[in-house]
Engineer: 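Let me give you the structure first, and then I'll get to my questions.
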Amino acid sequence: MNHGQQSSDGKHDDDAALSDFLASLMDYTPTIPDELVEHYLAKSGFQCPDVRLTRLVAVATQKFVAEVASDALQHCKARQGAVVKDKREKQQKDKRLILTMEDLSKALRECGVNVKHQEYFADSPSTGMDPASREDQ
Amino acid sequence: MNQNNQSAMKSESAKGKRKLRNPEANSEETTEASPSDYSFAITRIAVAQVCKSMGFRRTEQSALNTLTVVATKYLETLARSAAEFSNAANRTQSNLFDVTNALHDLHAVHGGFLGASALHDSNCLLKSSVLKDLSDFVYSTDEIPFAKPINKEKGRGTEATTPPNSERRPKHIPEWLPEFPEMVGREECNKRVNQEELWENTSWAPVCEGGGSVGGRNNDNGGKLMTERARVSFRIGGGKRVDLNGNIGESPDRRKVEADDDDKICTFLQMLILKRKKKRQRLQKTQEK
């Protein structure tokens, strides 16, 4: 009995939290605009008149992008930290955070996406250098 | 021969350059001018905003494009999966449980989530950590509204023309059918015919006799169509006296005259004025006599 009551209370809490979350989605405007999400939803056969569900999908996508971006940021910082050890202060001053294919492919590989890109472009003399030091020249 | 060889070499080198250039151009076309170019551009802006909020200052074009494509694929996969769940449950409209199931599937691919093992033991789908993570994400991150206004007309050129049609046409006709030929002329015709019947059947002609002005007619017809109608009919009291206001001289035999055009009315009025002048002259002559 006691256990059952606890679980039902837990369910009530969960339901309340969920309904709060859904209600908060009405006020929350995701970065991905509603029109765009509705376009893609309609394109893939998803029908729902509820704005909260489109926002939920938008929030899920935004969270995914944010996670990938933060992963890539960590990779970028780690790589630059390794560079700083070599060249020290000059690099540390203009420490720039640039989203590169290298970091992105590492971050995406954790999500199960294999990105293959050309590793080296030789169309300009500064191409082979590190992106952080490229701006100096 | 030498010259020929040189020219041949040049042409070959030119071909080589073209060959080199062409793949680049193709790759640019495939990445940037994708079929849904407009939606891709919007998604790219949104993804760039998210990346900026995470702390990036700059980005490589190719990296941003790749991330945009992956985000689009994520959204479409989520939507398709949710639609499949709803279709499997004999529904066309998706609900929260379909979206939750789709999210579970996607996150299970990405390496699992809390509560995945107990998901099917308890009947409550919403207990898993996926939705909680989402709500935490919503509460923890600030709102970043989309940076630019979305121009609907530009992006949906074909769809922008449909709403006025759907407003016009009745509801039982599906939206994908082409537009009807214009109904306006036929409606006007019907109304005109109806009004003529009303004109003849109803007995507002004696009402107009008292002093029916244009305003009075408008009120009688409910204020419709008087401006659009080209046809005007009025009565003439035996060819004796007609005012512009419609005051008609009393006479037993009345003729009803309809003039289709304004020009006809004008000529008619001119005729009447001439007749009236002649009458006055006659009256003056008789008085003089």
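For clarity, every value in this text was computed on a predicted model and none was experimentally measured. Within every chain, numbering begins at 1; the chains are lettered A, B, ... in the order of the sequence lines, protein sequences first and strands thereafter. Heavy atoms only: backbone and side chains are in, while hydrogens, waters and symmetry mates are out.
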Engineer: Hey, are the side chains of B/V50 and A/Q62 touching, using non-hydrogen atoms and a 4.5 Å cut-off?
Structural biologist: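 They are in side-chain contact.
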Engineer: Looking only at non-hydrogen atoms, find the nearest pair between A/C76 and B/F56 and report the distance.
Structural biologist: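 It is CB-CE2, 4.4 Å.
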Engineer: Side chains of B/E60 and A/T100: is there a donor and an acceptor less than 3.5 Å apart?
Structural biologist: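 On atom types as modelled, these side chains do not qualify, holding no pair under 3.5 Å.
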Engineer: Against chain A, work out which of B/C51, B/S62, B/S94, B/P145 has the most heavy-atom pairs shorter than 4.5 Å and name it.
Structural biologist: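 Greatest number of close heavy-atom pairs with chain A: B/S94.
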Engineer: What part of A/A107 lies closer than 4.5 angstrom to a heavy atom of chain B: side chain, backbone, both or neither?
Structural biologist: neither
Engineer: Under 3.5 Å, side chain of A/T31 to main-chain N/O of B/I144, donor-acceptor pair present?
Structural biologist: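 It does hold such a pair.
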Engineer: Report the C-alpha distance between B/R57 and A/I98 in whole Å, list the side-chain angles of each, state the deciding distance to 0.1 Å, and finish with yes or no for side chain to side chain contact (heavy atoms under 4.5 Å, CB included).
Structural biologist: CA-CA 6 Å; B/R57 295 293 130 211; A/I98 305 174; over 6 Å; no
Engineer: Heavy-atom distance under 4.5 Å between the side chains of A/I32 and B/T43, does that happen here?
Structural biologist: no
Engineer: Would you say the side chain of A/C48 lies within less than 4.5 Å of the side chain of B/N95, judging by non-hydrogen atoms?
Structural biologist: no
Engineer: Stepwise, does the side chain to side chain contact (heavy atoms under 4.5 Å, CB included) test hold for A/Y28 with B/E143?
Structural biologist: CA-CA 7 Å; A/Y28 186 83; B/E143 282 186 39; 3.4 Å; yes
Engineer: Given B/Y74, which of A/V113, A/T61, A/V65 fulfils the side-chain contact (heavy atoms from CB on, under 4.5 Å) condition?
Structural biologist: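 It is A/T61, the one option of A/V113, A/T61, A/V65 that forms the side-chain contact (heavy atoms from CB on, under 4.5 Å) with B/Y74.
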Engineer: Heavy-atom distance under 4.5 Å to chain B: side chain of A/D34, backbone, both or neither?
Structural biologist: neither
Engineer: Would A/V68 and B/V70 count as a side chain to side chain contact (heavy atoms under 4.5 Å, CB included) if you check the C-alpha gap in whole Å, the side-chain angles of each, and the deciding distance to 0.1 Å?
Structural biologist: CA-CA 10 Å; A/V68 172; B/V70 171; 6.0 Å; no
Engineer: Run the side chain to side chain contact (heavy atoms under 4.5 Å, CB included) check on B/M54 and A/S70 step by step: do they pass?
Structural biologist: CA-CA 6 Å; B/M54 294 312 293; A/S70 71; 3.3 Å; yes
Engineer: Does OH belonging to B/Y139 count more than 12 external heavy atoms closer than 6.0 Å?
Structural biologist: yes
Engineer: Counting only heavy atoms closer than 4.5 Å, note whether B/T141 contacts chain A via side chain, backbone, both or neither.
Structural biologist: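 B/T141 touches chain A through backbone and side-chain heavy atoms alike.
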Engineer: Given heavy-atom pairs under 4.5 angstrom as the criterion, report whether the side chain, backbone, both or neither of B/L103 touches chain A.
Structural biologist: side chain
Engineer: If you count heavy-atom pairs under 4.5 Å with chain B, which of A/G45, A/A60, A/G112 comes out on top?
Structural biologist: A/A60
Engineer: Calculate, to the nearest 0.5 Å, the distance between atoms NZ and OH belonging to B/K73 and A/Y40 respectively.
Structural biologist: 10.0 Å
Engineer: With a 4.5 angstrom heavy-atom cut-off, could you sort out which part of A/L41 is near chain B: side chain, backbone, both or neither?
Structural biologist: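 Both backbone and side chain.
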Engineer: Please give me the minimum heavy-atom distance between A/L97 and B/G55, naming the atom from each residue.
Structural biologist: CD1-O, 3.1 Å
Engineer: Contact part of B/L96 toward chain A, heavy-atom cut-off under 4.5 Å: side chain, backbone, both or neither?
Structural biologist: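 For B/L96, backbone and side chain are both near chain A.
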Engineer: Contact part of B/D136 toward chain A, heavy-atom cut-off under 4.5 Å: side chain, backbone, both or neither?
Structural biologist: neither
Engineer: Any side-chain heavy-atom pair from A/L56 and B/L131 closer than 4.5 angstrom?
Structural biologist: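 Yes - at least one pair of side-chain heavy atoms lies under 4.5 Å apart.
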Engineer: Quick one: what part of B/V99 sits under 4.5 Å from any heavy atom of chain A, side chain, backbone, both or neither?
Structural biologist: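 For B/V99, the side chain is the part near chain A, not the backbone.
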Engineer: Using heavy-atom distances under 4.5 Å, tell me whether B/K132 contacts chain A through its side chain, its backbone, both, or neither.
Structural biologist: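 Looking at B/K132, just its side chain touches chain A.
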Engineer: Quick one: pull up CZ in B/F146 and OG1 in A/T29 and give me the separation to the nearest 0.5 Å.
Structural biologist: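 Here the interatomic distance stands at 12.0 Å.
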Engineer: Would you mind checking which part of B/D133 comes under 4.5 Å of any heavy atom in chain A, side chain (CB onward), backbone (N, CA, C, O), both or neither?
Structural biologist: both
Engineer: Examine whether an atom of A/E102 lies under 4.5 Å from a heavy atom of chain B, and if so say whether it belongs to the side chain, the backbone or both; otherwise answer neither.
Structural biologist: neither
